[in-house]
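Below you'll find the structure, written out as C-alpha cells, and then a few comments.
Proteins come first, then strands; the chains are lettered A, B, ... in the order of their sequence lines, and each starts at number 1.
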2 protein chains.
Amino acid sequence: MTYLDAIAALADPTRRVIIDRLRSGPLPVGAIAKGMDISRPAVSQHLRVLSDAGLLTVTPEGNRRLYAIAPEGVDALRRYLDTLWDDALAAFARAATEKAKENKDD
Amino acid sequence: MTYLDAIAALADPTRRVIIDRLRSGPLPVGAIAKGMDISRPAVSQHLRVLSDAGLLTVTPEGNRRLYAIAPEGVDALRRYLDTLWDDALAAFARAATEKAKENKDD
DNA sequence: ACTTACCGTAAGTCATGACTTACCTAGATG
DNA sequence: CATCTAGGTAAGTCATGACTTACGGTAAGT
C-alpha cells in the first residue's frame, strides 16, 4: 500500500520539479537545489518525503548522497491507476447499456 | 496539463474513498456521503475538487446529481506516469552500465 | 401551494505542511 | 589537525485546505 504515500508525495509541485530533474539520471542534493528558488534544507525535506514514499533511492557516495528515481515506486502507482482505469471503463460501459435499455423502454 | 490537478485531487484520503465508492458505478451525493464520517457538504466540496480535476463527471438527474469516474481524467494520469516510468527505467539502466564500467576500471 | 428531499455555496475554525534560519555531523583537502 | 564542502535535523512561522454550521435554491410529493 505504498502507493498511497506516493500520490501524496507527487501532489506537491516542488516535488514534481525535483522528480523531473532526476529523470535524466541520479543527482546529489546540491545539484538538485541549484537553480531552484527554495533553500537547500527545503529540498532535503522534499527528498525525504519522496524517498519515504518509495519514489526515490539514496546511495551515499563519499561526501555526497545521490538521489535517483525508484522504478518500483512509480510502478506501484501505475498499477493502482490501472485498476482504477479498468473499473472506470467497466462502470462507464455498464451505465451506457443501462441508459440504452431505459431508452428502449420509452 | 490537467493531470497536475488530478494528482493533487487524489492525494486526499477522503477523496480516494469517494473514488472507490464510484468504482462500481455512478452515485448521487447522498449515497456517497452515507456511511462516511464527514458531513454531506464536505463531500460536496470534495466532489467539486474531483470534477474540477477532470476525474469525475456530473449528470443532473431530476432532483439529484449523479457523479461518475471520468476515464479520460484517469488516463491523463496514467500517461504522465508512463513517461515517468520510461525515464526512470532508462536512467536506471544508464546508471547500471556506468557502474559496471567503473568497476572494470578498478 | 406547502412541505420535504437533495444538493451546492458562504463564512469561519483549526490542523497540516511547506518554508525559513540556525545548528550539527561526516567525508574531502590543505 | 584545521578547514571546507556536502547535507541532514530542529524549531518556529505562515499559508493552505479540510472540516463545520448556516443558508439558499430547485425538483418531487401531498
Problem - Salt-bridge present (B/Arg16, B/Asp20; N to O < 4.0 Å) - result: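 A salt bridge is absent here (no side-chain N lies under 4.0 Å from a carboxylate O).
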Handout entry: Note: A/Arg79-A/Asp75 ion pair, threshold 4.0 Å (strictly below)
Key =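 Result for this pair is yes, salt bridge flagged.
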Problem - Donor-acceptor under 3.5 Å (A/Arg23 side chain, B/Asp86 main chain) - result: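 No, because the side chain of A/Arg23 does not come within donor-acceptor range (under 3.5 Å) of the backbone of B/Asp86.
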Problem - Test item: B/Arg40 side-chain N/O and B/Ala33 main-chain N/O as donor-acceptor pair under 3.5 Å - result: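 Here the side-chain-to-backbone pair does not exist.
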Just the rounded figure in Å: distance from [atom2] of [N] to [atom1] of [X].
{"X": "B/Ile18", "N": "D/dA18", "atom1": "CD1", "atom2": "P", "result": "11 Å"}
{"X": "B/Leu47", "N": "C/dT9", "atom1": "CG", "atom2": "P", "result": "11 Å"}
{"X": "A/Leu50", "N": "C/dA18", "atom1": "CG", "atom2": "P", "result": "10 Å"}
{"X": "A/Glu61", "N": "D/dA6", "atom1": "CD", "atom2": "C1'", "result": "13 Å"}
{"X": "A/Asp5", "N": "C/dT16", "atom1": "CG", "atom2": "C1'", "result": "15 Å"}
{"X": "A/Asn63", "N": "D/dG7", "atom1": "CG", "atom2": "P", "result": "7 Å"}
{"X": "B/Leu66", "N": "C/dC6", "atom1": "CG", "atom2": "C1'", "result": "12 Å"}

Exercise for the section: Determine: side-chain N/O of B/Arg64 to OP1/OP2 of D/dA28, distance under 4.0 Å, yes or no. Expected result: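 No, outside the criterion.
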Problem - Any A/Tyr67 side-chain nitrogen or oxygen under 4.0 Å from OP1 or OP2 of D/dA6 - result: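 A/Tyr67 to D/dA6 OP1/OP2: no side-chain N or O under 4.0 Å.
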Between [Y] and [X], is there a side-chain heavy-atom distance shorter than 4.5 Å?
{"X": "A/Arg65", "Y": "A/Leu47", "value": "no"}
{"X": "A/Ile32", "Y": "A/His46", "value": "no"}
{"X": "A/Arg15", "Y": "A/Leu10", "value": "no"}
{"X": "A/Thr59", "Y": "A/Tyr67", "value": "no"}
{"X": "A/Gln45", "Y": "A/Val49", "value": "no"}

Exercise for the section: Compare the minimum distances between each of D/dG8, C/dG8, D/dA6 and the side chain of A/Arg65, then state the nucleotide with the smallest one. Expected result: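 Of D/dG8, C/dG8, D/dA6, D/dG8 is nearest to the side chain of A/Arg65.
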Problem - Near-strand residues of residues 21-46 of chain A, defined as heavy-atom separation under 4.0 angstrom from DNA chain D - result: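 A/Pro28, A/Val29, A/Gly30, A/Arg40, A/Pro41, A/Ser44, A/Gln45, in order of number.
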Problem - Nucleic acid contacts - residues 6-15 of chain B versus DNA chain D, non-hydrogen atoms under 4.0 Å - result: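 Result for residues 6-15 of chain B: B/Asp12, B/Thr14, B/Arg15, sorted by number.
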Practice task
Write down the partner of D/dT30 under the Watson-Crick or G-U wobble criteria, each distance required to be under 3.5 Å.
Solution key: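 Result: C/dA1.
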